[in-house]
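To start, the structure under review is shown below, and the notes come after it.
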Amino acid sequence: MTPEELSAAIATCLQDAIASGELSVPAEAVPRQLRVDRPKSRDHGDWATSIALQLAKPAGLPPRKIAEALSSRLAGIAGVAKVDIAGPGFLNITLDASAAGGLAQVIVQAGVAFGTNDSMAGRKINLEFVSANPTGPIHLGGTRWAAVGDSLARIFQSQGGDVTREYYFNDHGNQIDRFARSLLASAMGLPAPEDGYGGVYIEDIKDRVLAVEPAILDLAEAEAQERFRAVGVDLMFGDIKESLHNFGVSFDVFFHEDSLHQDGAVEALLEQLKKSDNLYFHDGAWWLKSTDYGDDKDRVVIKSDGNAAYIAGDIGYFANKRARGFDLNIIMLGADHHGYVARLKAAAAALGDDPDTIEVMIGQMVNLLKDGAPLRMSKRAGNVVTLEDLVDIVGTDAARYSLARFSSDSNIDIDLDVLTKRSNENPVFYVQYAHARTAAVARNAAAAGVDRSGFDAGALNHPTESELLAVLGQYPGVLAQSAQFREPHRVARHLEVIAGAYHRWYDACRVAPVGDEEITDLNRTRLWLNDAVGQVLANGLGLLGVSAPDRM
RNA sequence: GCGUGAGUAGCUCAGCAGGAUAGAGCGUCCCUCUCCUAAAGGGAAGGUCGCGGGUUCGAAUCCCGCCUCGCGCACCA
């Protein structure tokens with residue numbers, strides 16, 4: 001029995017109590033989702049609910065009275081062995097060992113489907129992340145989003161969501177010109193332009209452009225710069241796509257900002273905004289009245305030089321996504337872009353659309369520590385640490401896991417020295433090891449002749465088994481919450497909890513018989529549990545894009 | 001100044017649609033392999049949950065104020 005199933009059963013009991021007139025609670029006071037928690041102390045049963053305390057005020061009754069009204073009904077739920085009223089009115093529920101143990105079989109039979117759900121079915125979700133400019137390699141901030149964004153996409157899919165992973169290439173505007181000029185300067189042996197880019201990767205791209213077009217420097221300067229732009233940006237695109245692919249992230253759409261300008265989409269939308277009186281002309285530029293829609297200040301959409309400002313592309317891009325049918329557009333941005341949120345939503349509102357179809361996730365910075373001191377990074381100076389650097393140092397699994405296990409809201413410090421040690425300070429090893437251990441136990445069980453031909457749910461009654469079953473049962477709920485709050489780190493953290501419970505169980509309970517002991521249903525049932533743990537760990541690691549090795 | 005994120009154990013961080021004695025990993029100190037992977041497990045030490053008010057039967061969690069730190073506040077993208 002999972003906590004969700006128990007919760008649903010308790011909700012039914014509550015409805016019964018209300019219907020029978022025993023309890024009088026205003027409908028709006030009844031929580032839609034009735035929570036059951038795992039108590040910290042084993043003396044408080046397997047699961048507990050504080051529903052009686054929550055309903056005391058709206059029902060106008062002492063909480064213990066409510067608890068009493070509910071406890072006899074809860075005791076009647078199939079699989080519930082005992083219900084106690086404790087403290088101010090907690091309801092502590094103890095399950096039959098057989099009801100709790102049945103979960104092991106349920107999980108094995110569900111396989112990869114265990115934990116999945118259809119709560120997001122029918123939702124067409126566009127998940128835009130990384131979107132690093134094609135003027136350099138993916139830096140650490142982008143790497144964090146690659147790990148978090150791809151995991152979130154997988155989690156949405158596990159909940160039935162229809163997800164499109166999308167990468168927006170800002171290949172329009174003068175940063176690309178700066179990139180081209182930087183390549184040209186490098187090829188001519190000049191220092192990087194004042195507003196340009198430097199560093200080894202510029203040298204590298206320059207060399208590769210020259211390899212493709214050896215005569216490029218014989219062209220007139222403007223023409224040479226254009227060739228550097230065209231070929232250089234292409235090479236950069238290729239590098240970025242390859243890095244992401246090697247990182248296990250497959251984007252469905254690489255969207256080029258330039259295409260919005262090429263096909264006239266942006267121009268048409270700006271005309272529409274002019275007609276709807278959402279744009280005005282001032283100081284030689286066209287401004288969006290974004291303050292009418294909650295922004296701090298109005299924003300220039302067409303600069304006085306006649307060129308489209310950056311937000312013009314965003315307006316076109318949003319309209320494009322909506323035209324493609326996405327009802328939820330999640331955009332992941334770094335903390336240095338959080339000022340965008342208001343203007344993006346304002347732009348949506350100005351178009352007459354629903355700003356709530358846009359959700360912006362802001363990820364805080366990743367700081368690197370080297371020799372215990374913060375490492376300052378600058379793309380211009382060229383001392384960036386890239387996705388590839390990180391993968392070279394710690395590998396894809398550790399990189400993805402260590403970035404995904406933190407809340408995006410917190411700044412994280414990654415100590416290169418620690419990660420270079422490849423010690424088990426990285427929890428990914430702890431979780432992967434637990435998975436490898438389940439595989440080893442299964443191999444040994446098979447060699448000893450233990451199979452899953454028998455199952456006695458009631459036999460899983462050791463304290464470590466009760467704990468292990470409980471945390472396995474929480475997995476679907478953790479997944480659902482992870483999707484709801486867009487927080488993949490909840491999955492990672494719960495895997496660590498499961499791994500810990502598994503290691504403790506392993507220490508206390510054997511699957512394979514010792515020596516020539518007779519094989520019983522206890523051995524077989526424990527094999528079910530062992531395999532269930534392996535399944536859940538593999539499912540969870542899969543959602544994080546991390547491998548689940550059978551041997552380590 | 002305004003906006004925004006953070007402040008929880010020595011370190012890195014969970015927990016925050018309020019719940020019973022605040023957690024994990026690492027680090028420190030003990031202990032456990034004749035027994036399926038000791039890359040593990042058990043135990044100990046270690047906390048005014050930034051500070052001050054408020055709401056509540058109950059606050060790390062919600063509200064208000066303050067302090068400190070990160071990030072942002074362009075006709076750059």
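All values reported here derive from a predicted model rather than from experimental measurement. The sequence lines fix the lettering, A, B, ..., with proteins before strands; numbering per chain opens at 1.
If you check every strand for non-hydrogen atoms under 4.0 Å, A:Arg343 touches a base. As judged by a 4.0 angstrom heavy-atom cut-off over every strand, A:His172 is placed among residues touching the sugar-phosphate backbone only. Within 4.0 Å of A:Ala342, counting heavy atoms only, lies no atom of the nucleic acid at all. Contact annotation for A:Ala56: no contact, since no heavy-atom pair falls under 4.0 Å across all strands. The residue A:Glu517 sits apart from the nucleic acid: no heavy atom pair falls under 4.0 Å. When heavy atoms are screened at a 4.0 angstrom cut-off, A:Glu496 is found touching no nucleic acid atom at all. Within 4.0 Å of A:Asn92, counting heavy atoms only, lies at least one base atom of the nucleic acid. Using a 4.0 Å heavy-atom cutoff across all strands shown, A:Ala48 reaches at least one base atom of the nucleic acid. At a threshold of 4.0 angstrom between heavy atoms, the contacts of A:Ala512 include nucleobase atoms, whether or not backbone atoms are also involved. Residue A:Asn523 is out of contact with every strand shown, counting any heavy-atom pair closer than 4.0 Å. Nucleic acid contact for A:Val514: none, since no nucleic acid atom lies under 4.0 Å from a heavy atom of the residue.
The separation of B:C69 from B:C26, taken at their P atoms, amounts to 33 Å, rounded to a whole angstrom. Atom P of B:C31 sits at a distance of 26 Å from the matching atom of B:G23, rounded to the whole Å. The P atoms of B:G10 and B:A45 are separated by 15 Å, rounded to the nearest whole Å. When the P atom is used for both B:G47 and B:U4, the distance is 35 Å, rounded to whole Å. When the C1' atom is used for both B:A17 and B:C63, the distance is 16 Å, rounded to whole Å.
B:U56 atom P lies 19 Å from atom CG of A:Leu55, rounded to whole Å. Rounding to whole angstrom units, CG of residue A:Asp37 and P of B:A17 are separated by 12 Å. Rounded to a whole Å, the CG atom of A:Asp296 is 14 Å from the C1' atom of B:A74. In this structure, A:His494 atom NE2 and B:G15 atom P are separated by 13 Å, rounded to whole Å. Protein atom CD of A:Gln432 is 18 Å distant from nucleotide atom P of B:G25, rounded to whole Å. As a whole-Å value, the separation of A:Arg42 CZ from B:A20 C1' is 16 Å. A:Arg35 has its CZ atom 7 Å from the P atom of B:G18, to the nearest Å. Spacing between atom CG of A:Leu53 and atom P of B:C57 amounts to 12 Å, rounded to whole angstrom units.
Using a cut-off of 4.0 Å between Lys/Arg side-chain N and Asp/Glu carboxylate O, A:Glu166 and A:Lys321 are scored as not salt-bridged. Ion pairing of A:Asp177 with A:Arg229 is absent here, as no side-chain N (NZ or NE/NH1/NH2) approaches a carboxylate O to less than 4.0 Å. Comment: A:Arg299 engages A:Asp295 in a salt bridge, judged by a side-chain N to carboxylate O separation of less than 4.0 angstrom. Contact check on A:Asp296 versus A:Arg343 returns no salt bridge, with no Lys/Arg side-chain nitrogen under 4.0 Å from an Asp/Glu carboxylate oxygen.
Heavy-atom distances under 4.0 Å link RNA chain B to A:Asp283, A:Ala285, A:Trp287 of residues 280-291 of chain A, given in residue order. Within residues 498-508 of chain A, the residues that place at least one heavy atom under 4.0 Å from RNA chain B are, in residue-number order, A:His503, A:Arg504, A:Tyr506, A:Asp507.
For the pair A:Lys40 and B:U21, the criterion of a side-chain N or O lying under 4.0 Å from OP1 or OP2 is not met.
Closest to the side chain of A:Asp336, from the set B:U21, B:G72, B:A40, is B:G72. Ranking B:C57, B:A74, B:U37 by closeness to the A:Lys297 side chain, first place goes to B:A74.
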Next on the checklist: salt bridge (Lys or Arg N to Asp or Glu O under 4.0 Å) for A:Arg524 and A:Asp521? Distances and angles first, verdict last.
Outcome noted: CA-CA 5 Å; A:Arg524 299 188 188 96; A:Asp521 270 355; 2.7 Å; yes
Next on the checklist: Quick one, A:Asn133 with A:Thr135, criterion side chain to side chain donor-acceptor pair (under 3.5 Å). Give me CA distance, side-chain angles, the key distance, then yes/no.
Outcome noted: CA-CA 5 Å; A:Asn133 293 337; A:Thr135 55; 4.8 Å; no
Checklist entry - Which is it for A:Tyr317 and A:Tyr168 under the ring-ring contact (aromatic ring centres under 6.0 Å, His included) test, yes or no, and what are the steps along the way? => result CA-CA 9 Å; A:Tyr317 189 31; A:Tyr168 186 53; 4.0 Å; yes
Next on the checklist: Between A:Glu467 and A:Arg42, does the salt bridge (Lys or Arg N to Asp or Glu O under 4.0 Å) criterion hold? Intermediate values first, please.
Outcome noted: CA-CA 9 Å; A:Glu467 184 60 30; A:Arg42 279 213 44 83; 5.2 Å; no
Provide a list of protein-nucleic acid N or O atom pairs under 3.5 angstrom, restricted to nucleotides 10-14 of chain B.
| from | atom 1 | to | atom 2 | distance (Å) |
| --- | --- | --- | --- | --- |
| B:C13 | OP1 | A:Asn411 | O | 3.2 |
| B:C13 | OP1 | A:Asp413 | N | 2.9 |
| B:C13 | O2' | A:Arg493 | NH1 | 3.3 |
| B:C13 | O2' | A:Arg493 | NH2 | 2.4 |
| B:A14 | OP1 | A:Ser407 | N | 2.9 |
| B:A14 | OP1 | A:Ser410 | OG | 2.9 |

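Residues passing the side chain to side chain contact (heavy atoms under 4.5 Å, CB included) test with A:Ser182 are A:Pro193, A:Tyr197, A:Ile202, sequence neighbours excluded. Partners of A:Arg486 according to the salt bridge (Lys or Arg N to Asp or Glu O under 4.0 Å) rule, which considers only residues two or more places apart in sequence or in another chain, are A:Glu359.
Stem list for RNA chain B (at least 3 consecutive Watson-Crick or G-U pairs, distances under 3.5 Å): B:1-7 with B:67-73, B:10-13 with B:23-26, B:28-32 with B:40-44, B:50-54 with B:62-66.
The base of B:A17 does not come close enough to the side chain of A:Gln54 for any donor and acceptor atom to sit less than 3.5 Å apart. For A:Gln364 against B:G5, a side-chain-to-base donor-acceptor contact under 3.5 Å is absent. With hydrogens and angles ignored, no donor-acceptor pair closer than 3.5 Å exists between the side chain of A:His338 and the base of B:G5.
Nucleotide B:A17 carries a syn base; the chi torsion (O4'-C1'-N9-C4 or O4'-C1'-N1-C2) is within 90° of 0. Syn is the classification of B:C33, since its glycosidic angle stays within 90° of 0.
In this structure, a donor-acceptor pair under 3.5 Å is present between the side chains of A:Thr291 and A:Asp298. Side-chain polar atoms of A:Asn92 and A:His44 form no donor-acceptor pair below 3.5 angstrom. Looking only at atom types and distance, the side chain of A:Thr438 has no donor-acceptor partner in the side chain of A:Asn530 under 3.5 Å away.
With A:Phe237 as the fixed residue, the ring-ring contact (aromatic ring centres under 6.0 Å, His included) test singles out one of A:Phe179, A:Tyr167, A:Phe254, A:Phe169: A:Phe169.
A cation-pi arrangement is not found for A:Lys289 relative to A:Tyr293, the charged atom failing to lie both closer than 6.0 Å to the ring centre and inside a 45° cone about the ring normal. Under a cutoff of 6.0 Å and an axis angle of 45°, A:Arg437 and A:Tyr506 form a cation-pi pair.
Inter-residue side-chain proximity for A:Phe90 and A:Pro63 is flagged as unmet; no heavy-atom pair is nearer than 4.5 Å.
Residue ring and base: A:Phe90 counts as stacked with B:A20 (centre distance below 5.5 Å, interplanar angle below 30°).
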